[in-house]
Amino acid sequence: MADDSQHTNRLVSGLAVILDGEAKKEHSQKSRLISYCDDFGEQSLERTLEHVFDLPSKTINLLTCQVDASVICSIIKNDYLKHHKTLLSVDTSREGVSAIVDGTGLYTVKIEESSVCGEFQLIKPPLLVESHAVFSSARANACVWKGKWMYEVTLETAGLQQLGWATISCPFTELTGVGDAEDSYAFDGKRVIKWNLNSEPYGQTWVVGDVIGCCIDLEADEISYYRNGVTLGVAFKGIRKMVPGLGYYPAISLSQGERCLLNFGACPFRYPIQEFQPIQIPPSTKPLAVGLLHCFTKLLNMWRRENNSYNSMEKLKSLKRFMPVNELYHPVSRGICMELFSALDANAESVKYLSWGPLFSFLMDVFQDQAPHDYESLDRVLDVLLEFKGSTLMFEHLISALSYNCKTASIILRESPYSGSYPYLALACHLLRREALMVVWWKMSDFEFLFEGFLSQRCPNKQDLQLMIPAVWWPGSCEDVSYESSMMLTTKTLTEAINKIEEKHRDLCCLVMQFIPPVAPPQLPGSVFRTFLQNIILRNRGADRNILPHVISSNSVLVSLFTVILHFLSEGFAATGSGWMLGSGTSGGPTTGFLHRGGQQTFPLPLILKNDPHRAEIPRLGGSYSHLANFHPVNVDSEAEVVQWEEGFVDDEDLDLRVTHVGIQKPCCCLSLDVNVSRISKNPFRYTTKAYQSHCSSIPERSAQVAAECSASNLNDDIADKPSTSDRSDSEFGYRLVQRMKVVALESTSSSSTLEEEELFDAMLLLYQLGLAPNFKQVSAYMTHQSHSISQLEEADRQIRERGGGEKLRRLKEARSVYREEVIDSVRHCAWYRISLFASWKQRGMYAACMWIVQLLLVLSKMDLVFSYVPEFYLETLVDCFHVLRKSDPPFVPAGMFLKQGLGPFVTLIVTHFSDPRISSAELRDLLLQSISVLVQYKEFLVAFESNQAATHCLPTSLLSAFDNRSWIPVTNILVRLCKGCGFGFSKHGESSSYSTLFQASLPHCFYLKLLRDACLEDEELFSAFLNRLFNTLSWAMTEFSVSIREMQEKGQMIEFQQRKCSVIFDLSSNLARVLEFCTCEIPQAFLSGPDTNLRRLVEVVVFVLNHLTSVADPEFFDLILKRPIQTPEKVNRGMILAPLVGIILNLLDASLVTDTSAKNDIVGIFASMDCAETLISGFQYLLKFNWAGSFKGNIHLTKLRQLENFSTHLVSRTLFKRVANEEETESDDNLCCICYRCEADSKFLPCTHVSCFSCINRHLINCERCFFCNATVVEVIQNDAKPCEIQLLS
């Protein structure tokens, strides 16, 4: 009977959920949860709750009432807190800290305002500060004198900052700060030193986003620093002990513009250090919150086991012990949250700490760092939290914490691809898909600051890269063979990690674009994102000119924004679901990216004609906007007009050759490359392009970078042979206008409030200039350093193999070790930039963007006033991006396709606008000219210049006009490359014939040579001015060269800077001499006919150069100066400039044989008339004895050298004859010119009447219109026969 009764009782209480009759009538969908007993008499409900709350068995009595949130709260208060008393205990013992406490006995650590020296601006409360003085310093309002303490500094900028500890007696001034006095200690990661009165090397280079832990151990009397949780070692030992109340204060010193976030413990540390305590007391509610969230976690784990594919035996065991959690989940989770929010309401100041710490960790654990993420569990948690009013403030802090963690996250190889900021971005994106949370974020005062945090990526330093890329390999290295595959696997993994992060950046930006803020009047999608873009541009453009506000964005934010927009415009919006953007193009379908649609293109003129506040300071091609608006107002309605054109119809290309997205011939960005390109790309570290052998950057940064690629390299590098592709006659060189272009009214002005793709395109170009261009400059520097280091390493290896032993071998091995470390560091940095910047889709998008800009600029250039309003960054971005793609590693496309398959109009743009007076900036015009100088080095690009009608029509004349004090270097380089192969030392089959045969004078189709010659002959005044500047420039260059050599000889040491300067000037002098040689070859009549001024100046220049080259006291020192780190002595020697001198003389001799004897000038006589007869003769002997065969390969024309020898013999005879004649001369020299003392003074200036010889006067007036005796302005020059002279005046 007893058994039967027990069985009956179990049956009676065995119904877990009973329906209340009355409740069922009113709420048919509701149920009540009460206790029940299982088959063994165990109360599963009570046991389940005991498990959730970590309570001992049988702690919870039989529950006879409905189990709801209030019951759970009662269990927490009566049972849970009773058995977990430590959750309510507060440790107030803080011995060793001195601070000013408030009425509650607590204190808040902050900056002590009275200690500030300089000026600190509070960027974001409570402790994000920026220095607005040259050097600002401050202390905290709390000090420590016993124990182990720390605080954290998050770097918003990575410049000069000194972080550490100081006593109250440490003085702060405009020049001294933390670490500059006794009992003052600081670490400076910019200069990688520590400070205590004096500086010593310490630590690592810091970067933006680093978290620096400043720790002081007053038990061991030591100060140490941590970078992102990794120790940098003990910085200071034996620091002075302090007494209570007089201890060490946290202190910082920042240079102007530096910004950092201080955390004394008001938030959980990003990287807490064991045994070190925060100076700020954590809130008393922290233990309770941690405990309640732990209970929530156990509840979720039980729910997961029931709903996920766990082992069936596990499920069975769990069901036998616990009741199903599905019905239990809501009341328990709600009860936990009620107690949590109740505790927060009692201590509102703890909300931030708990949101940044326990809640943040709880949600990350629920969501799971690695994929697949548990979205379902996270949604159940969010549903419960959002039921409470207090959750708004909590989620505000939670969003701030996510943004901060994105900013400070590091990519860790073992966690990739779900590493870096990815898990925080993924969680943020999922949260913000809820409209309520998006509204919460948007309403926050620091919405844009947090948005920038989400888009931030911490750039690795040297030590970070060592962990990310442990194995390093490069072509030709002696490293382990396995390193190659290991490094390729590593780079692939890191690439996937970057792709994951960029994908989440796009998701987040898409959420912001789609968000419609709840304001009146209603706004359209994209308005929030537009405002963010405008403000970020305004801040960063203003910072360049020290215009308020001073706060600028991290470079990684600008790069991320650019990458997001580039992906949207290139790959399309279909994947992101931005509905209002889909199908906004004119052709190509809704999934085709804006940059690849082709067909009819449109661009709204208001984008460049309006003076929006965020663009007010942006310079335009024609000058400032205010200047243009006042003196050149636009006559079109900037609110209602767009310009339209047909893709591919912007220049003079043949219709059959046009490359368009919708035509038969597709551009490079729409082609699938062959296997050969991918094979080249497989080598991740080779940077092999012919023109790369230089001393400087190969990727342009405005004009200086493009100029550097040609001017600072060996300027006589050769180009490979190619046949001419140009066979058109002169009559075909007419330049046609842009076809199929028109200006029409906008279809609907209401769309101006919608974020348009053209608007994104405009912002993307500016973001490139602000963010990407500096990065590509850094890429170039590392690639250059990598190339030089590899060359030095290979040279060291060669010398080690040749040495048997000794002290020199030991030094060589030490040097090799240094070179090897430099190579490894450069290879890692190049690999990182390749991973982060050179993804194939990015190159594709950048190429398409270049095509778009080129066509737009060519269209607008036909609208004179509108063209002046185009922002400068359009042109800057185009040129920079063009050269980045051209030099990209791995290459985007083969060089032969780069211009031909889409960017042919780029040649039209640069050749027609490098001298365009509508471009007010001389630097911009130089940028275009230097681009030409770089491109003509390459056979593949030279083909594009041949076939371009604009280039053949205007380039020769424009080059001659542009040869001035500013642009003579790039013009010289261009002319040398166009004339290469026609001078002495070049042959059809020699090494130098690697230049295009197009420019060899011996061939019938010397196309550009003919154009240059014709330009000189058709405009004698232009050629005369060009020749005068050429003479002056060559004389100046050789003078600078000689002075620099003399300075180094006097100091007795080889100074690297001066050596590099001499090397560059020597190259320039050689090129100038080659141009002069071309003039004597193609236009000899300019020297042999008429007045002998040009011939005499030419002879003087030749003698001047010979004198400087032959009078060097130490020939070995001279040759050492010309040494290049990459090129052999056979490639670079005196023959580079001696050869054109020989060519000049031989050209004149050859031309004199076919010139009318009665009209030609006497070449030998002019040479013999020089006063330095001995120097001249010795110079010619040097030319004849020079080792030409060792300097130039191939046939050097021995017959030409014999011709030079005959000329030298004739010159010696004429010189001796002149010397004898002078000795027999008895006439008075009163009538001689007092300038040259050689000719009769037969001419005089008017009106001052000073006399001199006609030759000296003529040469002087070429450069100056004043008398060289009295400085009076010359009106006229007459000879003794009272006839006016034909004089070349400067004007």
Side-chain angles (χ1 to χ4, degrees), residues 716 718 976 979-995 1000-1003 1069-1082 1084 1087-1088 1095 1098-1099 1101-1112 1115 1118-1119 1122 1129-1155 1162-1168 1170 1172-1216:
N716 293 278
D718 295 331
V976 166
C979 302
K980 205 69 171 184
C982 68
F984 181 79
F986 293 96
S987 64
K988 295 181 183 179
H989 307 291
E991 178 189 35
S992 298
S993 65
S994 59
Y995 265 81
Q1000 292 186 9
S1002 58
L1003 298 180
S1069 301
S1070 302
N1071 281 355
L1072 290 167
R1074 282 292 183 190
V1075 175
L1076 198 53
E1077 182 187 13
F1078 159 76
C1079 294
T1080 60
C1081 177
E1082 299 297 328
F1087 306 92
L1088 299 179
L1095 179 59
L1098 176 66
V1099 171
V1101 168
V1102 172
V1103 174
F1104 182 75
V1105 175
L1106 274 176
N1107 181 43
H1108 282 291
L1109 293 177
T1110 58
S1111 62
V1112 179
F1118 183 94
D1119 294 334
L1122 301 183
E1130 292 77 13
K1131 182 78 172 178
V1132 183
N1133 53 48
R1134 303 189 195 201
M1136 293 167 55
I1137 194 169
L1138 293 178
L1141 297 183
V1142 174
I1144 289 171
I1145 298 171
L1146 296 178
N1147 289 339
L1148 293 177
L1149 293 177
D1150 291 340
S1152 65
L1153 298 178
V1154 297
T1155 305
D1162 184 5
I1163 304 173
V1164 180
I1166 297 296
F1167 271 100
M1170 297 292 103
C1172 48
E1174 296 181 358
T1175 301
L1176 182 61
I1177 293 173
S1178 63
F1180 273 84
Q1181 294 301 317
Y1182 183 84
L1183 291 177
L1184 293 171
K1185 294 179 181 179
F1186 187 78
N1187 181 19
W1188 295 106
S1191 300
F1192 297 96
K1193 296 181 181 180
N1195 182 14
I1196 305 299
H1197 306 296
L1198 296 179
T1199 57
K1200 292 291 185 181
L1201 290 177
R1202 284 194 292 270
Q1203 185 181 358
L1204 179 65
E1205 185 177 4
N1206 294 335
F1207 176 78
S1208 177
T1209 303
H1210 192 33
L1211 177 62
V1212 171
S1213 301
R1214 181 73 71 90
T1215 303
L1216 292 176

Working for side-chain contact (heavy atoms from CB on, under 4.5 Å), residues Val1101 and Ile1144 = CA-CA 11 Å; Val1101 168; Ile1144 289 171; over 6 Å; no
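For the side-chain contact (heavy atoms from CB on, under 4.5 Å) with Phe984, the lone residue among Leu1204, Leu1138, Val1142 that qualifies is Val1142. Checking Leu1098, Ile1163, Ile1166 one by one against Phe1087, the side-chain contact (heavy atoms from CB on, under 4.5 Å) holds for a single residue, Leu1098.
Summarising the geometry, atom CG belonging to Leu1153 is positioned 7.0 Å from atom CD belonging to Gln1203; distances are rounded to the nearest 0.5 Å. Rounding to the nearest 0.5 Å gives a distance of 12.5 Å between CG of Leu1106 and CD1 of Ile1177. Within the model, atoms CG of Asn1206 and CG of Leu1201 stand 11.0 Å from one another, a figure rounded to the nearest 0.5 Å. One finds the CG atom of Leu1141 at 11.0 Å from the CG atom of Leu1146 (value rounded to the nearest 0.5 Å). Distance check: Leu1109 CG to Phe1104 CZ gives 10.0 Å after rounding to the nearest 0.5 Å. For the atom pair CD of Gln1181 and CD of Glu1205, the computed distance is 8.0 Å after rounding to the nearest 0.5 Å.
Among residues two or more places apart in sequence or in another chain, the side-chain contact (heavy atoms from CB on, under 4.5 Å) test is passed with Asp1162 by Val1164, Arg1214. A search for side-chain hydrogen bond (donor to acceptor under 3.5 Å, both in side chains) contacts involving Thr1080 returns Asn1147, not counting sequence neighbours.
A tilted orientation is assigned to the rings of Phe1207 and Phe1180, their planes being inclined by 30° to 60°.
The residues Glu1077 and Arg1074 are annotated as salt-bridged, a charged nitrogen and a carboxylate oxygen being separated by less than 4.0 angstrom.
The two residues Pro1140 and Ser1070 have their closest heavy-atom pair at CG-O, 4.2 Å. When every heavy atom of Ser1152 is checked against every heavy atom of Leu1088, the shortest pair comes out as N-CD1, 3.7 Å. Smallest separation of non-hydrogen atoms from Leu1211 and Ala1168: CD1-N, 3.7 Å.
Val1105 places none of its side-chain heavy atoms less than 4.5 Å from the side chain of Ser1069.
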